[in-house]
Q: 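I'd like to ask you about the structure that follows.
Along the sequence shown, residues are numbered consecutively beginning with 1. Since this is a predicted model, take the numbers as computed values, not measurements.
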Amino acid sequence: MTSSASRSARTTGEARPVRPVYPSWQPPSTSRAANAGPLPAPEPGFAPDVIVVGHGLAGLVATYEATRAGKKVLVVDQESEKNLGGQAFWSLGGLFLVDTPEQRRIGIKDSLELAWRDWLGSAAFDRPEDHWPRQWARAYVEFAAGEKRRYLHDLGLRIIPTVGWAERGGGDVNGHGNSVPRFHVAWGTGPEVVRVFEEPVRDAARAGLVRFAVRHRVDEIVVEDGRAVGVRGATLAPCDYDRGVASPREETGEFEFRAKAVLLASGGIGGNPDLVRKYWPADRLGDVPKDLIVGVPEHVDGRVLEISARSGANLINRDRMWHYTEGVAHFAPVWPSHAIRIIPGPSTLWLDANGDRMPVPLFPGFHTTASIEAIRRAGQDYSWFILDSAIAGKEFILSGSEQNPELTDKSIRKFASKAGSGLPPSIADFTEKGVDWVVADTLEEMVAGMNSLLRDGEPELDVEKVREFVLAMDGQMDNPFAKDAQVQAIHNSRRVLTDKLTRLAKPHRLLADSGPGKGSAAGSGGPLIAVKAHLMTRKTLGGIETTLDSQCLTPAGEPFPGLYAAGEVAGFGGGGVHGYNSLEGTFLGGCIFSGLRAGRAMAREV
């Protein structure tokens, strides 16, 4: 059996969906707030103390903090109210936390000192402009080891009891990577992270403190006597498209709003592949990729970064970015070139486009930026995963709230079922409908299916070369020890109890080791699976330079009166808190921390 015969039934969906068709298992993309309802628009006479540009997570957190101090806030966004919460709503809900009860319960010993050493090794700060990013990094790691969990818990957020081990690094104790598992997932995923801030902001709106100007596109920051005093732009035609769908840009008028302070919280450039290519660091990540699939909605377009620079804010570290190697085209897209990221476990075999093993120790989930470089040095924009159904069922997680209904819907029964066997509904649908997936009963059928996915100019895979590697790896699976570093990593991972029970497949051979199908037929783990994994856009690690109060700086290094930035537009704080690499779980946390600092600072100023 091979799925290649049904290749014509596979699809990437509409190029620009307007009314997406959702899989039956996918949770709705509507607000989870108990007090949800129409967002109140600013009435005549509403005089905000603060304008927040962007109604994503950083903007919501800043609004929440400002309203706690009794300040009036006007939230402005080019998208409709259906997009409240921004990219955070689509996220898996991963949070970087240090020395938590969840870690301690499963025997993980973590500390502020260890996390700070890991952060410095990953960030590799090496530029004069890293002054503020480094200070933000120290403050953020202290937040993650201290106030962060209690702050979120008091808002009603709960954490699932398992802790993931993301970005394990390249094997160097002083280099990139997490020494211990730190990836905590919110019970309810991204929508729940949004909810705990959305509900109090809606309450503040009912109290008259918050108004929303949706479908208002900011085109200019109003600066008078060197101080930011407001924003100007165009009103856009009303739109009832679902969350994430690319919205029309038809202009219907103009606007100008004024306040004592302006916060930019508009996101990064991941939805704009042209800007990604413009700032792509070819010296570190290889040549600029021709083909990129897109991991965020189109409205993550980077416009406000350029607008802020024209207004006098300083942009730094534009060449630092965080994209993924494990992207696959969505068969039911919501936005253009919609990609879903596979979060693989350590058991998946990884080949570059030429069929060569990815350089050791670049195993799945270990070192994202080094893996991107290796893929580009191999001459293509994709690589290959090889595994079987048993590994996919346990170890493949599709990143995103909508891909994980058991977590997003907070279903204990569905979550507990993950410890069993079989493919989750989302993975099963991708194996049947995804254009980048091959399922086969024999290695020969699998490689033929992989070659059927090639486009002009892409190298054909040699079945015997692939067989030789798979058999070599199979030979390492019979003992609880091995000489191969990837197999050592598998055994190391299985020492984390919750990973062993719910996240990792038992080590086994991919191919049958006896009988007529020896060395060819799928082994005990079921059908073989191959995935053509593409480079996929995601996050901006550089941006507007800011102080620890989220106040923007000018190119001369002076504070910009009245202008603040938080979230991805500020490189999640300071203009690049992550340096060159992320330890993961740090993007939602970066939005929360920088939004918190901005909201509190603006409340003090105004």
Q: Closer than 4.0 angstrom, basic N to acidic O: yes or no for Arg467 and Glu464?
A: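 Salt bridge flag = yes for Glu464 with Arg467.
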Q: Could you check whether Asp381 pairs with Lys290 (Lys NZ or Arg NE/NH1/NH2 to Asp/Glu carboxylate O, under 4.0 Å)?
A: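 So Asp381 does not pair with Lys290 through a salt bridge.
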Q: Closer than 4.0 angstrom, basic N to acidic O: yes or no for Arg503 and Glu395?
A: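 So Arg503 does not pair with Glu395 through a salt bridge.
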Q: Ser401 vs Thr408, test: side chain to side chain donor-acceptor pair (under 3.5 Å). Steps then yes/no.
A: CA-CA 6 Å; Ser401 57; Thr408 301; 4.8 Å; no
Q: Atom CG of Asp409 and atom CD of Gln26: how far apart are they, to the nearest 0.5 Å?
A: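 Nearest 0.5 Å value for the CG-CD distance: 10.5 Å.
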Q: So which pairs with a foot in residues 85-94 pass salt bridge (charged side-chain N to carboxylate O under 4.0 Å, His left out), sequence neighbours left out?
A: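 Those involving residues 85-94 do not exist here.
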Q: Less than 4.0 Å between a side-chain N and a carboxylate O, is that true for Arg341 and Glu584?
A: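 Yes.
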Q: If I take atom CD1 from residue Ile375 and atom CG from residue Asp352, how far apart are they, to the nearest 0.5 angstrom?
A: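 Interatomic distance, Ile375 CD1 to Asp352 CG, rounded to 0.5 Å: 8.5 Å.
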Q: Within the side chain of Asp441, is there an N or O that forms a donor-acceptor pair under 3.5 Å with the backbone of Pro527?
A: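 It does not hold such a pair.
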Q: With no hydrogens and no angle check, is any side-chain donor or acceptor of Asp172 less than 3.5 Å from a backbone partner on Asn174?
A: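 A pair under 3.5 Å: yes.
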Q: Can you tell if the side chain of Ile592 reaches within under 4.5 Å of the side chain of Leu152, non-hydrogen atoms only?
A: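 Result yes, sub-4.5 Å side-chain heavy-atom pair found.
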Q: For Glu298 and Asn272, what are the C-alpha separation, side-chain angles and deciding distance, and is it a side chain to side chain contact (heavy atoms under 4.5 Å, CB included)?
A: CA-CA 7 Å; Glu298 190 176 66; Asn272 187 338; over 6 Å; no
Q: Measuring only between side-chain heavy atoms, which start at C-beta, is Val438 closer than 4.5 Å to Ile529?
A: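 They are not in side-chain contact.
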Q: What I want to check is whether the side chains of Trp350 and Ser383 have a donor and an acceptor closer together than 3.5 Å.
A: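 There is such a pair between these side chains.
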Q: Check whether any side-chain heavy atom of Leu454 lies under 4.5 Å from a side-chain heavy atom of Glu460, and answer yes or no.
A: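 Yes, at least one pair of side-chain atoms sits under 4.5 Å.
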Q: What pairs meet the salt bridge (charged side-chain N to carboxylate O under 4.0 Å, His left out) rule with one or both residues in residues 479-499, with sequence neighbours excluded?
A: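 Listed by first then second residue: Arg357-Asp484.
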Q: If you define the side chain from C-beta out and look only at heavy atoms, does anything of Arg538 sit under 4.5 Å from Ser399?
A: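 Yes. Closest side-chain heavy atoms under 4.5 Å.
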Q: Using 30° and 60° as the class boundaries, would you call the ring planes of Trp335 and Trp90 parallel, tilted or perpendicular?
A: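 Ring orientation of Trp335 relative to Trp90: perpendicular.
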Q: Cation-pi between Arg243 and Phe89: NZ/CZ under 6.0 Å from ring centre and within 45° of the ring axis?
A: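 Ring-cation test returns yes.
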Q: What's the separation between atom CH2 in Trp384 and atom CG in Leu461, rounded to the nearest 0.5 Å?
A: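 It is 6.0 Å, given to the nearest 0.5 Å.
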Q: In sequence, state the C-alpha distance, the side-chain angles, and the governing distance for His508 and Asp388, and then conclude on side chain to side chain donor-acceptor pair (under 3.5 Å).
A: CA-CA 10 Å; His508 61 276; Asp388 62 18; 2.7 Å; yes
Q: Donor-acceptor pair, distance only, cut-off 3.5 Å: does the side chain of Ser91 make one with the backbone of Gly93?
A: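 Yes, because the side chain of Ser91 sits within donor-acceptor range (under 3.5 Å) of the backbone of Gly93.
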Q: Which of these passes side chain to side chain contact (heavy atoms under 4.5 Å, CB included) with Arg182: Val98, Thr586, Thr100?
A: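 By the side chain to side chain contact (heavy atoms under 4.5 Å, CB included) criterion, Arg182 pairs with just one of Val98, Thr586, Thr100: Val98.
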Q: Please list, chain by chain and in numerical order, all residues satisfying salt bridge (charged side-chain N to carboxylate O under 4.0 Å, His left out) with Arg320, sequence neighbours excluded.
A: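 Arg320 satisfies salt bridge (charged side-chain N to carboxylate O under 4.0 Å, His left out) with Asp126, Asp130 once adjacent residues are dropped.
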Q: Only counting residues at least two apart or in another chain, list the ones meeting side-chain hydrogen bond (donor to acceptor under 3.5 Å, both in side chains) with Thr537.
A: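 With sequence neighbours excluded, Thr537 shows a side-chain hydrogen bond (donor to acceptor under 3.5 Å, both in side chains) to no residue whatsoever.
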Q: Can you tell me if Trp119 uses its side chain to pair, donor with acceptor, with the backbone of Leu114 under 3.5 Å?
A: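 A pair under 3.5 Å: no.
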Q: Between Tyr382 and His534, what is the ring plane arrangement, given parallel below 30°, perpendicular above 60°, and tilted in between?
A: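 If you compare the ring of Tyr382 with that of His534, the planes turn out tilted.
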Q: Using 30° and 60° as the class boundaries, would you call the ring planes of Phe587 and His578 parallel, tilted or perpendicular?
A: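 Geometry flag for His578 against Phe587: tilted rings.
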Q: Do Val470 and Leu528 touch side chain to side chain, with heavy atoms closer than 4.5 Å?
A: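 Not in contact.
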Q: Would you call Lys465 and Asp356 a salt bridge, using N to O less than 4.0 angstrom?
A: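 Judged by the 4.0 Å cut-off on N to carboxylate O distance, Lys465 and Asp356 do form a salt bridge.
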Q: Using only heavy-atom distances, determine whether the side chains of Asp99 and Ser111 contain a donor-acceptor pair under 3.5 Å.
A: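 On atom types as modelled, these side chains do not qualify, holding no pair under 3.5 Å.
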Q: Taking the side chain as every heavy atom from C-beta outward, state whether Lys109 and Gln103 have any atom pair closer than 4.5 Å.
A: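 They are not in contact (no side-chain heavy atoms under 4.5 Å apart), so the answer is no.
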Q: Search all heavy atoms of Arg16 against all heavy atoms of Ala246 and return the closest pair with its distance.
A: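 Looking at all heavy atoms of both residues, the shortest contact is NH2-CB, 3.3 Å.
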Q: Look at Glu192 together with Lys410 and state whether they make a salt bridge at an N to O cut-off of under 4.0 Å.
A: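 Here Glu192 pairs with Lys410 in a salt bridge, since their nearest N and O are under 4.0 Å apart.
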Q: Centre-to-centre under 6.0 Å for Phe385 and Trp437, is that the case here?
A: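 No, they do not, as the ring centres are separated by 6.0 Å or more.
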Q: Tell me, which pairs form a side-chain hydrogen bond (donor to acceptor under 3.5 Å, both in side chains) where one or both residues lie in residues 469-479, sequence neighbours left out?
A: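 Only Asp478-Arg509 qualify under side-chain hydrogen bond (donor to acceptor under 3.5 Å, both in side chains).
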Q: Are any side-chain N or O atoms of Lys518 and backbone N or O atoms of Leu511, one a donor and one an acceptor, separated by less than 3.5 Å?
A: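 Checked: no pair found.
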Q: Can you label the angle between the Phe430 ring and the Phe331 ring as parallel, tilted or perpendicular, going by 30° and 60°?
A: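 Geometry flag for Phe331 against Phe430: perpendicular rings.
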Q: Does any non-hydrogen side-chain atom of Thr348 lie less than 4.5 Å from one of Ile386?
A: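 Ile386 does not reach Thr348 side chain to side chain.
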Q: Between Arg284 and Asp319 (salt bridge meaning N to carboxylate O under 4.0 Å), is one present in this structure?
A: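 The answer is yes: the pair qualifies as a salt bridge.
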Q: Could you check Val300 against Gln87 for side chain to side chain contact (heavy atoms under 4.5 Å, CB included), going step by step and ending with a plain yes or no?
A: CA-CA 8 Å; Val300 187; Gln87 295 180 67; 3.4 Å; yes
Q: Can you name the salt bridge (charged side-chain N to carboxylate O under 4.0 Å, His left out) partners of Glu167, sequence neighbours left out?
A: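 None.
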Q: So, Arg455 and Glu458, do they make that salt bridge, N to O below 4.0 Å?
A: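 A salt bridge is present here (some side-chain N lies under 4.0 Å from a carboxylate O).
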Q: After noting the C-alpha distance and the side-chain angles of Trp116 and Tyr140, does the key distance pass the ring pair (Phe, Tyr, Trp, His ring centres under 6.0 Å) rule?
A: CA-CA 10 Å; Trp116 179 234; Tyr140 178 69; over 10 Å; no
Q: Give, for atom CG of Leu510 and atom CD1 of Ile391, the distance between the pair rounded to the nearest 0.5 Å.
A: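 Reported value, rounded in 0.5 Å steps: 5.0 Å.
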Q: Are Val193 and Leu57 side-chain neighbours, meaning at least one heavy-atom pair lies under 4.5 Å?
A: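 Yes - at least one pair of side-chain heavy atoms lies under 4.5 Å apart.
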Q: What are the two closest non-hydrogen atoms of Gly271 and Val296, and how far apart are they?
A: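 Distance-wise, the nearest heavy atoms are N-CG2, 3.2 Å.
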Q: Roughly how far, to the nearest 0.5 Å, is the CD atom of Gln380 from the NZ atom of Lys532?
A: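 The distance works out to 8.0 Å.
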Q: In terms of side-chain geometry, is the basic nitrogen of Glu113 or Arg117 positioned less than 4.0 Å from the acidic oxygen of its partner?
A: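 Arg117 and Glu113: not salt-bridged.
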Q: Just do the side chain to side chain donor-acceptor pair (under 3.5 Å) check on Asp429 and Trp25 with the steps written out, would you?
A: CA-CA 10 Å; Asp429 256 9; Trp25 43 262; 2.9 Å; yes
Q: Could you walk me through whether Glu444 and Ser520 pass side chain to side chain donor-acceptor pair (under 3.5 Å), step by step?
A: CA-CA 7 Å; Glu444 290 82 0; Ser520 171; 2.5 Å; yes
